[in-house]
Trainee: 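Would you mind keeping the following structure in view while I ask a few things?
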Amino acid sequence: MSFFEKLLKIDRKVIFIVIAVLVLFPLLKPLGLGVSSGPRAKAVFDAVDAIPPGKTLLISVDFDPASMPELYPMLVALMRHCFAKNVKVLLCGLWITGAGLADRAVTEIPPEYGKKYGEDVVYLGWKAGVDAVILGMGENIKNVFPVDYYGHPLDSLPMMQEVTRLRDIPFMVAISAGTPGFADWLLYAQSRYGMRVGAGVTAVSAADAYPYLQSGQLTGLLAGMKGAAEYEVLVQKNGYSRAYMPAVAAMDSQSLAHIVIMVLVIIGNVAFFATRRIRR
Amino acid sequence: MISIILGVLFAGMSAPLIQVRDTPNDAGKSITLNWQFLSESPASAVVVQRVEKDGEPVVVASLPGSERWFVDEGVIDRQPYRYRVGAVSDGDTLWSEWSEVVSSSPQFFNWARLNILVSMVVFFVLVIYFIENARAGRYLFVRRIAGLDAVEEAVGRATEMGKPIVYVPGLGSVADIATIASLNILGEVAKKTAQYDSALLVPNRDPIVYTVAREVVKEAYTRAGRPDAFKPDNIFFVTSEQFAYAAAVDGLMVREKPATNFFLGTFWAEALILAETGATTGAIQIAGTDSVFQLPFFITACDYTLIGEELYAASAYLSREPLLLGSLKGQDYGKMLIIIIVVFGSLLLLLSRIPQLGFFSKIINFFNVS
Amino acid sequence: MRRSLPLALCLVMGIIMMIQFFVPHPVSVAFYDLTTKWIRIVSAFALVLGVGSLVLYHTDRLRRKRAGWEYSIVTLAGLVVTAIIGLGWGVKPGSPLQEVLFKNMLVPLNASMFAILAFYMASAAYRAFRARTKEAVLLLIAAFVVMLGMVPVGEAIWHKLPEFAEWILSVPNMAAKRAILFGVALGAIATSLKVILGIERGWLGGGKG
Amino acid sequence: MHISTNIWTWVAVLLTFGIFSFLWKDNPFYKFCEHLFVGISVGYTIALTWYNSVYPDLVTPLFREGKPLYIIPFVLGLCYFCRFIPKVSWLIRVPMGFVLGWASGVAIPAYFQTNIIKQIQGSLLTPAIFARWDIFLWALISFIGVVCSVLYFFFSREHKGALRLASETGIVFLMIGFGASFGYTVMARMSLLIGRFQFLLRDWLGVIK
């Protein structure tokens, strides 16, 4: 069997080991390759930065634990950015599995800035019926969420007095790992209530957000772990936070992994075409 | 109107000119005010006053000097009001005349959404016209999609080898178009497996799709004259959790070693797990989805991929079902209309650069959405 | 009756909601508010179907001792225990459901399922992603440019690479995705119309009954 | 290096390796985790659906505040239970008709507004493109890309002559678009694996910060 045929016959477990080693190595010994920043992440940062103190940023937590590495750092960085500027944060969710993640962020991040639940941050929880939830919130948030995730009636939360419906919210970021996600917020919140929407997405759905960016429906995009790393860098550079940046720390492994994938595709195709020529 | 302008000229200081109207296209209880200053000297603030029939003037808003409009949402429908606007600069306020009487009322039609209504009506007419044609039995041409030859060839291969077929109707619900299209194709595939008596395994992720899929296969078997060959257990519900489902289907493909795998419907991140594991079992793989995110994997890892709407066209072409064909033709001509609008719209808009044809630039506003 | 009632209900609701979109009048908004509440309730009940068919499937597999029946015990036990703990001790943070079952079981299981995708991606890159056709070649070239443009290494190779990757994303990619958007939207609208008019009856379940 | 002493972290680690074992081959340890995952996720959905949807949206208004109108969604929701009673199993079509009709009626105008009219507006060439040579060129390429890609999905005529040329240009744009998505997806998968390794190295072994 020629060298190329042997190449093609490599057991896929070998490839698994190669990937595991190359991803683990930089986590232990950082290579310090750094993070390049693009215009789309800056657009989200500028939109959040423009929110006047006392006003509210809405974040929709529409992802699950499996997408945490890419999307959870975005949620944390956005919250740190708001709290550093005394902007209030309102969270809700369309994914049942996002409930636990939003709750974790709401318990861990506010104390870093001395912010209190009910005054500076509220988590409404998860609700079934995507379009019904968004459209309901457009008319009156209390209709959809009579009580927040922790069971407090909305009237008892000081922050919720001036935020009764979507029109009271200057900007929102939909952090979504698929459907339902930012497309639904555009389809229902923007088209009916003129909501300005930014999006944080898993890298897999980033390329498909571009038509909405070009048409002006989306105000900026955080694409995958790279988007999270870019936002973390922007938040730190503007002096809003000095905390550890998980997404930035992971970018070395990310870069190495990309190169490995490209090399694998090239070798795989070279071997494939070489064996085909021999066989013909 | 004239009296106001004369008054302003003599006063030296510009008193604002005010227009009021019931806010259009709304649920009522709201009046829109616009005003301008004749001279450029900016006021430090603007105060808005409102008075009911014979009540006392009430200040409803004080805004920054640069503001030129305000929407008063604290009014009662059909109640007469008058407004005036005061330009405040270093201490004294110069009031405009009281506006004419205005009252708010809800509207029954939102004129700002006329463009949506027009496009809806046009597209409905197209779809219904072609569906009526299809019902009347008129022949509707749809070009053959390359992937379809593969579907029939792949089913033939499985029946020759006597190996099962795994048909994944996607992870979407009956509300997803791709799922409905997939269930149509499932019906066609089931008709063939009924004739050749080869096993057709249909793992489901959505409970309702599961019940519908079971009915579709049962009916296909009865239509093919083989109700006895129908095994309800082959169509089963796995779980609604996305990844538990992908792992379960992988386990199924590794255990059953099918000759052909179909992945038709709505897919998310688990598409790669299915396509790659399926490829390692050596099966022919036909994929089709309108989930744009997953198409790159199906295109590179499967033998044939129906891209986006080709899935809809395939279900219409395969089943020759007049209603599917009708709506497909309607969509086709809908697309043609979009292209015509984009091409001619652009042409006219570009021509609007020529001064005489300046009015063409208004075309862009037809596409505003509120 | 078994088919005409659901179809009629679907037709009426569809027409009313389309008209409602164009009527800003308070009555229409109030009707809208009411129905959105009802829809949320009814779609929550749909869960009954999922749980029901899953429990039936596994109890049946258990009773008939079909292959893998031991694992059905695991699924049924997992379901019952989790539901009881969740319903019994609540879903609020700090409850056993969240602290134990969600954080230390559902999260690792769900996250690990996604993580093995990276391994499949690598092996698929090597064994499945073939530049068989002109289209596949184009796909892989664009993919390489975008991948390199996203990571600092790309910038090291050619300083304009991130810009080129951004161009690929905002011009050709945007045009392609917009075209797909048109097609998918028209398809969704046509099918929604057929569902409302009772032409598309797949959801009824093909059976005559 | 200080290994975690929390029993539940160890459970999470075991479950992580359980799922990862599927990479080696389908084995009992993996099957256990797979079935446990199925059971827990459904149980979790039951608990959350009760506390977040059924209780606040239905039980409170109907039974606690006694609003009679909520009988209707309650009855519609109950119809889903008939799915398991053969004689009346057709009744599930009633709530399905209600939900599908409502959803289609709401979706159609929203689709026109967001996916069609707004995207047409974005595709139109306006005099603004004459500002700079590159703006003009990219706008022209996007315009051609949208038109040709839409024509690729035109099924009413055989692709011959001009239509063939347009559709072949269209497929080029489509493949570049899919290539861009492919590139981003590779990044996504790798991030997920990195996330799992960060959990193992940080929360379990305590080797990294």
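All chains are named by letter (A, B, ...) in the order of the sequence lines, taking the proteins before the strands, and each is independently numbered beginning at 1. This structure is a prediction, so every number in the text was calculated from the model and none was measured.
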Trainee: How many angstroms lie between OH in Tyr72(A) and CD1 in Ile175(A), if you round to the nearest 0.5 Å?
Mentor: 10.5 Å
Trainee: How would you list, in number order, the residues of residues 134-150 of chain D that have a heavy atom less than 4.5 Å from chain A?
Mentor: none
Trainee: Working to the nearest 0.5 Å, report the span between CG of Leu15(D) and CZ of Phe20(D).
Mentor: 12.0 Å
Trainee: Is there a donor-acceptor pair under 3.5 Å between the side chain of Asp184(A) and the backbone N or O of Gly181(A)?
Mentor: yes
Trainee: Decide yes or no on side chain to side chain contact (heavy atoms under 4.5 Å, CB included) for Tyr188(A) and Val106(D), but give the supporting numbers first.
Mentor: CA-CA 9 Å; Tyr188(A) 298 111; Val106(D) 165; 3.6 Å; yes
Trainee: If every non-hydrogen atom of Gly227(A) is compared with every non-hydrogen atom of Leu222(A), which pair is closest and at what distance?
Mentor: O-CD2, 4.0 Å
Trainee: Which atoms of Trp102(D) are under 4.5 Å from chain A, going by heavy atoms: the side chain, the backbone, both sets, or neither?
Mentor: side chain
Trainee: Would Leu71(A) and Leu101(A) count as a side chain to side chain contact (heavy atoms under 4.5 Å, CB included) here? Give the steps.
Mentor: CA-CA 10 Å; Leu71(A) 301 180; Leu101(A) 308 177; over 6 Å; no
Trainee: NZ/Lys142(A) to CG/Leu124(A) distance, rounded to the nearest 0.5 angstrom?
Mentor: 11.0 Å
Trainee: Among Ser123(D), Ala110(D), Ala107(D), which residue forms the greatest number of heavy-atom pairs with chain A at distances under 4.5 Å?
Mentor: Ala110(D)
Trainee: Taking Gln254(A) for its side chain and Met225(A) for its backbone only, find out whether a donor-acceptor pair lies under 3.5 Å.
Mentor: no
Trainee: Set out, in order, the CA-CA distance, both residues' side-chain angles and the distance that settles side chain to side chain contact (heavy atoms under 4.5 Å, CB included) for Leu154(A) and Asp148(A), then state yes or no.
Mentor: CA-CA 6 Å; Leu154(A) 255 50; Asp148(A) 70 2; 4.2 Å; yes
Trainee: If you measure only the distance, is there a donor-acceptor pair under 3.5 Å linking the side chains of Tyr150(A) and Asp103(A)?
Mentor: yes
Trainee: What part of Ala247(A) is in contact with chain D, defined as an atom under 4.5 angstrom from a non-hydrogen atom: side chain, backbone, both or neither?
Mentor: neither
Trainee: Return the NE2 to CG distance between His2(D) and Leu205(D), rounded to the nearest 0.5 Å.
Mentor: 10.5 Å
Trainee: Out of Leu200(D), Thr114(D), Thr49(D), Ile208(D), which one racks up the most heavy-atom pairs below 4.5 Å with chain A?
Mentor: Thr114(D)
Trainee: Please rank Ala99(A), Pro211(A), Gly216(A) by heavy-atom pairs under 4.5 Å with chain D and give me the top one.
Mentor: Pro211(A)
Trainee: Under a plain distance cut-off of 3.5 Å, with no hydrogens placed, do Ser255(A) and Asp252(A) share a side-chain donor-acceptor pair?
Mentor: no
Trainee: How would you list, in number order, the residues of residues 176-197 of chain D that have a heavy atom less than 4.5 Å from chain A?
Mentor: Ala180(D), Ser181(D), Tyr184(D), Thr185(D), Val186(D), Met187(D), Ala188(D), Arg189(D), Met190(D), Ser191(D), Leu192(D), Leu193(D), Ile194(D), Gly195(D), Phe197(D)
Trainee: How about residues 16-24 of chain A versus chain D: which residues have heavy atoms under 4.5 Å apart?
Mentor: Phe16(A), Ile19(A), Ala20(A), Val23(A), Leu24(A)
Trainee: Classify the angle between the aromatic ring planes of Trp10(D) and Trp204(D) as parallel (below 30°), tilted (30 to 60°) or perpendicular (above 60°).
Mentor: perpendicular
Trainee: A quick test of your reading: do over 12 heavy atoms of other residues, nucleotides or ligands sit less than 6.0 Å from OH of Tyr111(D)?
Mentor: no
Trainee: Can you confirm whether the side chains of Gln119(D) and Tyr212(A) place a donor and an acceptor under 3.5 Å from each other?
Mentor: no
Trainee: Would Ser4(D) and Asn6(D) count as having a side-chain donor-acceptor pair, cut-off 3.5 Å?
Mentor: no
Trainee: For Ile261(A), is it the side chain, the backbone, both or neither that has a heavy atom under 4.5 Å from a heavy atom of chain D?
Mentor: side chain
Trainee: Which region of Phe145(A), side chain (C-beta onward) or backbone (N, CA, C, O), has a non-hydrogen atom less than 4.5 Å from a non-hydrogen atom of chain D, or is it both or neither?
Mentor: neither
Trainee: Measuring heavy-atom distances to chain A, does Leu201(D) have an atom under 4.5 Å in its side chain, in its backbone, in both, or in neither?
Mentor: side chain
Trainee: Once side chain to side chain donor-acceptor pair (under 3.5 Å) is applied, what residue pairs with a partner in residues 20-30 of chain A remain, sequence neighbours excluded?
Mentor: none
